[in-house]
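In what follows, a single structure is set out as structure tokens and then discussed.
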Amino acid sequence: MGYGIAVCNPTCRAGEGLIMSTAVPPLIRLAGISKSFGDVHANRDVSLDIEKGKILALLGENGAGKSTLMSILAGQLQPDKGSIFFEGKQVVLDTTEKAIGCGIGMVYQHFKLVQGLTVTENVFLGARGGFWLNWSKMQAEVKELAAQYGMRIDPAARISDLSMGERQQVEILKLLHRESTVLIFDEPTAVLTPKEADNLFLTMHEMVKRGKGIVFISHKLEEVMAIANNIAILRRGAVVDTVATKDVASTAELAERMVGREVLLQVDRIPMEPRQVVLKVAQLSDELLQNVDLELRQGEILGLVGVAGNGQKNLVETICGLKKPKKDCIKILGAEWKKFFSSMEWDNVLSYIPEDRQGLATCQGLDLLDNFLLTTRQGFTRGPWLYREQAREKADYLVEEFDIRPPNLKAFAWQLSGGNLQKMVLAREFYRKPRLIVAEQPTQGLDIAATEDIWNLLLNAREIAGILLVTGDLAEALALSDRIGVMFNGRLIDCFDSDDEEKIAQIPQMMAGLKEQASGAGR
Amino acid sequence: MTTEIIISLLAAAVQSGTPILYATLGEIFTEKSGVLNLGVEGAMILGALAGFMVAKFTGSPVIGFLAAGVVGSFATSIHGVVCLWFQGNQVVSGLALTILGAGLANYLGTAYVGLSAPGFNPLALPVLSEIPVLGKIFFQQDLLVYFSYCIPFLMWLFFAKTRYGLSLRAVGEYPAAATAAGLNVLLYRWVGILVGGFFMGLGGAYLSLAYTHLWTTNLTGGRGWIAVALVIFAFWRPGRAVFGAYLFGGVMALQLRLQASGTQLPSSLLLMLPYALTVLVLVLSSWKKGSSDEPGALGVNIEPVD
């Protein structure tokens, strides 16, 4: 066979390797898996072992081939080369059913749950059994299974009424009920609150204790360090490194292994002198917000942190003109809200970088040029005519400057990876030379290199604009912001300079609503 | 005297509501699997003709009735080929089926216009038909009406209490989840289309074998379209479909009676009543959309992976 045991088996380490690799066959062994789409090599010669009772973390930048590998394991894609072994026997996973038969279960980033059905119905969907269903028995079964793994969930609740964390639990219950032995989690913590994430890790520990094998895909290095037994690092489709977590000294080392160069997770932020006020919110209230005051000046970044759902969305939508404030309490670039949005120019005003980059920021079915024109087209019109050639030149230049890949304006938005799409959105918005930028979770789901690029772009944008940065990532807020505001339950709890160590230490309490500083908020 | 009239009107409502009920239940079944089939009218009229012809040649209305169901399934299988094999547009395909069905049935049936065939006649059920008022309304009908009483219940039982009903609903709500659960989503959609088509065919046959014992051109007269609207009114629930179908049956029966009584109202206005009600019902049910069981993936094709 064309693969080396010492490379493919993450536990094979000097001394113990040879004995261990022959003792028990791994639950799943991938051997020399290659897959290409046209010219793109999504996976090259990937060899991995998924072992019983171990958590294997899969690290890699966007487009490193993680999702392709997972689709192959799930039976949705066929590898061009290589083989898959299930408990030592070679298998061909050419249908989803076969993958399920080998005990492989996936927890996708986008949950595969039927919204209109209940927890129990979702768990039992596709399960074998008799013609009739016995609901009370099934619900009891779900409840018991959940309890075994430390989950608390109402088996009769409809999915649409559940929180993201609970939905993920249902997804996990589905797999456990099916007696999956290999559970693959695709960035499971991206949608969870810190507390829900902790619960998830407890559940994972419970699962490995009961002999399951887990694959954990994540960008969050700390999480990987905290939970994984072994770490496999993918780069450009190939496994470049497999290490045991205990052999990794720090997250910095892991990050370095992952991107192949030293990553500056700490960007250099040289404070600028704040200039004129670009945004002023005075006593904004709505069904969720309560008397929010804030002020933003050109040359500064105001980082708004808090657990999602505490009013950030309403605040952003109101500032960006998607939601009408009840009374005139917002001044943008010196103009009242109503006046500003009734006569908004396309450039030198406001840019909104939404969290939902595939829905709100871009049109998936349009090519890059058309997406570029979405907010900039007025710069290329004379009367009723659109000057596409001019736009193409400009957009070509931007694609190069922002290093957007593939560097092809004919590529559709859906063909771009998250990081490249976000760069495209930033390129477009910065081209408008905005004086107020509202950036919502600008680096969510992006890899380290893309995050760094975007951080630097935002820092440089302070030259021309004031930036309201809404983020769920405290590290991001601390790295970029001049001032930090904390939101909880529709209120801006406090707003302070980002070098105020004492206040920074209190942020977690403020986010949890344990500490309230009513006065002085928003300056 | 007036109670007599009302009772006979209600009995007529049940009778003229029955073909709509069959068709509505068929469309609910199809839509629950996530397929929008606007070809109800086409499947109904082909079923009506098939039922009529088979009953005429075999002399057995029961065989005719079943044959109508089979032909209904055949008709909707065209929709299945277009939408499930080739991922064609479900709206366009359904419209084409309606036009094709009406044209084909009218063409093939030309020679039979005005002829009659053996059909189903009213058959009072012992005991039940003795119940005051209700007995006269519900239990002095023909066999096909009695049969139609059972279907909503059976359909509910299937959706709510069986493994395959759960799977079919999941396929209509979110095919990706059903695929991930290892279900053959296309197979379930085929079942949805063919079983639905069977009931649409039965609805057509009711018109040619029980409501009248005749074949005429355009026998269905837009009832298939009313069924499509009723699915929305029924919030995709078989039980509610019963009320909707009888409501429409009532309006149709009332309209006939008003004409017969020599009212001053123009007949074209009366003929319009059921269709005006359709519009009204659609407007009203879109108000309360929150409580409906509309399948999430209704009308969305399943693209092949890769």
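Each chain gets a letter, A, B and so on, in the order its sequence line appears, and its residues count up from 1. Here the structure is a predicted model, which means the values were calculated and not measured.
A search for side chain to side chain donor-acceptor pair (under 3.5 Å) contacts involving Asp186(A) returns nothing, not counting sequence neighbours.
A 4.5 Å side-chain heavy-atom check between Phe147(B) and Phe65(B) finds at least one atom pair inside the cut-off. Side chains of Ser77(B) and Ile193(B) form no contact here, defined as non-hydrogen atoms less than 4.5 Å apart. Contact of the Leu230(B) side chain with the Arg240(B) side chain is not registered, since no non-hydrogen atoms from C-beta on lie closer than 4.5 Å.
Ion pairing of Asp367(A) with Lys410(A) is absent here, as no side-chain N (NZ or NE/NH1/NH2) approaches a carboxylate O to less than 4.0 Å. A salt bridge links Asp286(A) with Lys323(A): the distance from a Lys NZ or Arg NE/NH1/NH2 to an Asp or Glu carboxylate oxygen falls below 4.0 Å.
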#### Entry: Intermediate values then yes/no, side chain to side chain contact (heavy atoms under 4.5 Å, CB included), Leu173(A) and Tyr149(A)
CA-CA 9 Å; Leu173(A) 281 172; Tyr149(A) 289 90; 5.8 Å; no
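Cys102(A) and Leu93(A) make their closest contact through SG-CD2, 3.8 Å (heavy atoms, listed as atom of the first residue, atom of the second, distance).
The greatest number of non-hydrogen atom pairs below 4.5 Å with chain B, out of Glu97(A), Lys112(A), Lys174(A), is found for Lys112(A).
For Leu117(A), the part lying under 4.5 angstrom from a heavy atom of chain B is the side chain only. Interface remark: Glu121(A) contributes backbone and side-chain atoms alike to the contact with chain B (heavy atom separation under 4.5 Å). Using a 4.5 Å cut-off between heavy atoms, Ala297(B) makes no contact with chain A at all.
Near-neighbour residues of residues 126-141 of chain A relative to chain B, defined by a heavy atom under 4.5 Å from a heavy atom of that chain, comprise Gly126(A), Ala127(A), Arg128(A), Gly129(A), Gly130(A), Phe131(A), Trp132(A), Leu133(A), Trp135(A).
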